[in-house]
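Encoded as structure tokens, the structure appears first; notes follow it.
In the text below, chain A, chain B and the rest are named by the order of the sequence lines, each starting its count at 1.
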There are 2 protein chains.
Amino acid sequence: MAGRVTLADVARAAGVDISLVSRVLRGEDVKVREETRARIIEQARVLEYRPNAIARSLKNAKAGAFGLVIPTFNNPVYAQIIIGAEAAAARLGSVMLTTSGEGWDRTNWLEALDGGRVDGLLIAGGSGIDHSRLSVPYLMVNRAVPGVDRYVVLDDEKASRMAVDHLAGLGHRRIAFIGGPAGADTSVRRLSGFEQACRDRGLEQIAEPIPGEYTAVGGREAMRRLLEADLGLSGVVVANLPSAVGALQALDDAGVQVPEDLSVVAIHDAELAGLVRPSLTTVQMPLTQLGARAIELLATSSPSASINEVVAKPMQVVVRDSTGPVA
Amino acid sequence: MAGRVTLADVARAAGVDISLVSRVLRGEDVKVREETRARIIEQARVLEYRPNAIARSLKNAKAGAFGLVIPTFNNPVYAQIIIGAEAAAARLGSVMLTTSGEGWDRTNWLEALDGGRVDGLLIAGGSGIDHSRLSVPYLMVNRAVPGVDRYVVLDDEKASRMAVDHLAGLGHRRIAFIGGPAGADTSVRRLSGFEQACRDRGLEQIAEPIPGEYTAVGGREAMRRLLEADLGLSGVVVANLPSAVGALQALDDAGVQVPEDLSVVAIHDAELAGLVRPSLTTVQMPLTQLGARAIELLATSSPSASINEVVAKPMQVVVRDSTGPVA
DNA sequence: CTGAAAGCGCTTACAG
DNA sequence: CTGAAAGCGCTTACAG
């Protein structure tokens, strides 16, 4: 609670000029008498001096921080992106997180983060804002919005293909896809990957979109509709994890045995997948690396350069209890 | 990507002094000729002027932002605290979130947030740091560490009592408590509430601590031990939600039917509770209000005042499928 | 080896 | 009604 100790206070206490204190304290390579240096450091310690980051930022025209905007903290997918971003930022500065979703209105976070408080902005999952209004370099993460050419995404098509391959490898031939909301481009790419994989294998392409958002409730509803349609399915690929959990509920409600009657694979892995019963087989995507790469790109690229990158780190199918050989 | 437009640019374009621009743009009650005002506003618009929050903060000695430090984004409990805090802060400024846990080392976030970047710091779930080093007003949220007299918590004892009451109301007499890690004071209070409730009802006090942290794995392990001990239980209260999910897994593995053979109640409610099968009966605590109240207290109280508050908002048992009448 | 001065982009008395 | 000036707490050429 000490607070308010400035360079001037330390300088006065040590009997030197503030400029010298500044140099010494930042460990700058400056020729000072060892005695003077010691005095300065000692006084800074005694007074509990802590540099004012705000003043430093103003002078340097550099905030030393990055912003990361997340739609919601309820989706475990984002937790992994955050971890990657924070790790990558460790040397460059800090990461300030904000939600674009609940709790306050659309533009509030924009005001908060677009006034020099951060050196760059990572926007995860889109957020319906007008990017042209941003005065800070930004980068879309895991979402490529039309007209915005600064984004980094994952290989969503490949994830779907891996899911189909896994099921096909177990002998499944009637496989459906429960896709994300039409607005999300990740869901468009995952659907496209699914269709490709089916075409390659000569399988019928059966797809059911999730109404509304990428949620458990949406997944449950989509699964219900598939069951009603009675398509003779033996496998389902669900485009995201919470929705897959919802699908599992619908199956449980309908008395359908997983994986005996139907195998389920979800895209994206998280602890949740291992917690539900039956535990979910998933395609693990490199979310941590996505977060880390996003910080790297933001920190090193020119603010006006276009960035279109697909993070091509290894992905893998995590086999759990929701998939098995076709009956 | 415009960037770098300052008050001076607008002033030049409008042919006035920067001080006038500052006054007009902040909507200050200043007597300006309507024509001049219009010219200033027009130029600000044309140049896409955005105030530099850093410079403003330095001048005002006020950051206009609060920091919220969270141990992990993997626990849904914190998501609710965040929503409450953001809503309450909406008029006061923004909320900057940071993790104290994974991704970087212990003190990194401290440097990031303790240099004038925020006007106050909310620290959720403790974080093993030395509070005396903080130069910014802080408040512990949901954790009362010995020796720190600035905290706001929930009524953890009452939550346990409500859980026991619910089970007792269903006829249960042999009830165990799976508690949190010894280090967490929330777990101490919940255990104490459990013991009290049992004493009041003349029930035996059976408690099993969760090894390690408040996690699903810990809950599973604790449940396993309880099963091994073969105590003739009919009900279990689990001190936190992820651990309860773990406990459910242990029961499933052991072939114990929930709620037919054993009823389970978890403290804390979140979507996850409705997603697992069987869905979990929980005690819903006012986490959103906790977050909101924390911001309020931080914003309005003197930095040196001691704060010891228990948020006494309504709590309720959310009955789902994991509890039923004793066999 | 150390100091004096300018300036980062604002806000706010104080003048006119 | 509008402007000139000081100052928030730093950093960094430029001097000595």
Inset, instruction - Go through M96(A) and R117(B) one step at a time and tell me if the side-chain contact (heavy atoms from CB on, under 4.5 Å) criterion holds. - result: CA-CA 11 Å; M96(A) 301 288 158; R117(B) 264 194 259 255; 3.9 Å; yes
Legend entry - Between Y49(B) and T6(B), a side-chain donor and acceptor under 3.5 Å: no
Inset, instruction - Measure from the side chain of I18(A), starting at C-beta and using heavy atoms only, and say which of dT2(C), dG9(C), dT11(D) lies closest. - result: dT11(D)
Legend entry - Any side-chain donor near an acceptor of the partner, E86(A) and T99(B), under 3.5 Å: yes
Inset, instruction - May I have the distance from L58(A) (atom CG) to dT11(C) (atom P), rounded to whole angstrom? - result: 12 Å
Legend entry - Partner nucleotide, any strand, of dA15(D) [Watson-Crick/G-U, under 3.5 Å]: dT2(C)
Inset, instruction - Give one of base, sugar-phosphate or nothing for S19(A), where a contact means two heavy atoms less than 4.0 Å apart. - result: base
Inset, instruction - Send over the distance from N60(A) CG to dT12(D) P, rounded to a whole Å. - result: 6 Å
Legend entry - Presence of S22(A) side-chain N/O under 4.0 Å of dT12(D) phosphate oxygens OP1/OP2: no
Inset, instruction - Starting from P on dC8(C), measure out to CZ on R117(A) and report it in whole angstrom. - result: 21 Å
Inset, instruction - Measure from CD1 on I40(B) to C1' on dG3(D) and round the result to the nearest Å. - result: 12 Å
Inset, instruction - Please tell me which of the listed nucleotides, dG9(C), dA4(D), dT11(D), lies nearest to the side chain of R23(B)? - result: dA4(D)
Legend entry - CG-CG distance between N142(B) and L122(B), expressed to the nearest 0.5 angstrom: 11.0 Å
Legend entry - Euclidean distance, atom CG of residue D9(B) to atom C1' of dC8(C) [Å, nearest integer]: 13 Å
Legend entry - Nearest-angstrom distance from the residue atom CZ of R33(A) to P of dC1(C): 9 Å
Legend entry - R56(B) vs dG9(C): side-chain N/O to OP1/OP2 distance below 4.0 Å: no
Inset, instruction - Select base, sugar-phosphate, or nothing to describe what S57(A) touches, counting heavy atoms under 4.0 Å on all strands. - result: nothing
Inset, instruction - Let me know the distance between CG of L25(A) and P of dT11(D), rounded to the nearest Å. - result: 9 Å
Legend entry - Ionic contact status for E296(A) with R293(A), cut-off 4.0 Å: yes
Legend entry - Closest to side chain of K59(A), choosing from dA6(C), dG3(C), dT11(C): dA6(C)
Inset, instruction - Check every atom of dT2(C), dA4(C), dG9(D) against the side chain of D17(A) and return the nucleotide holding the closest atom. - result: dA4(C)
Legend entry - Separation of dT11(D) P from I54(B) CD1 (nearest whole Å): 14 Å
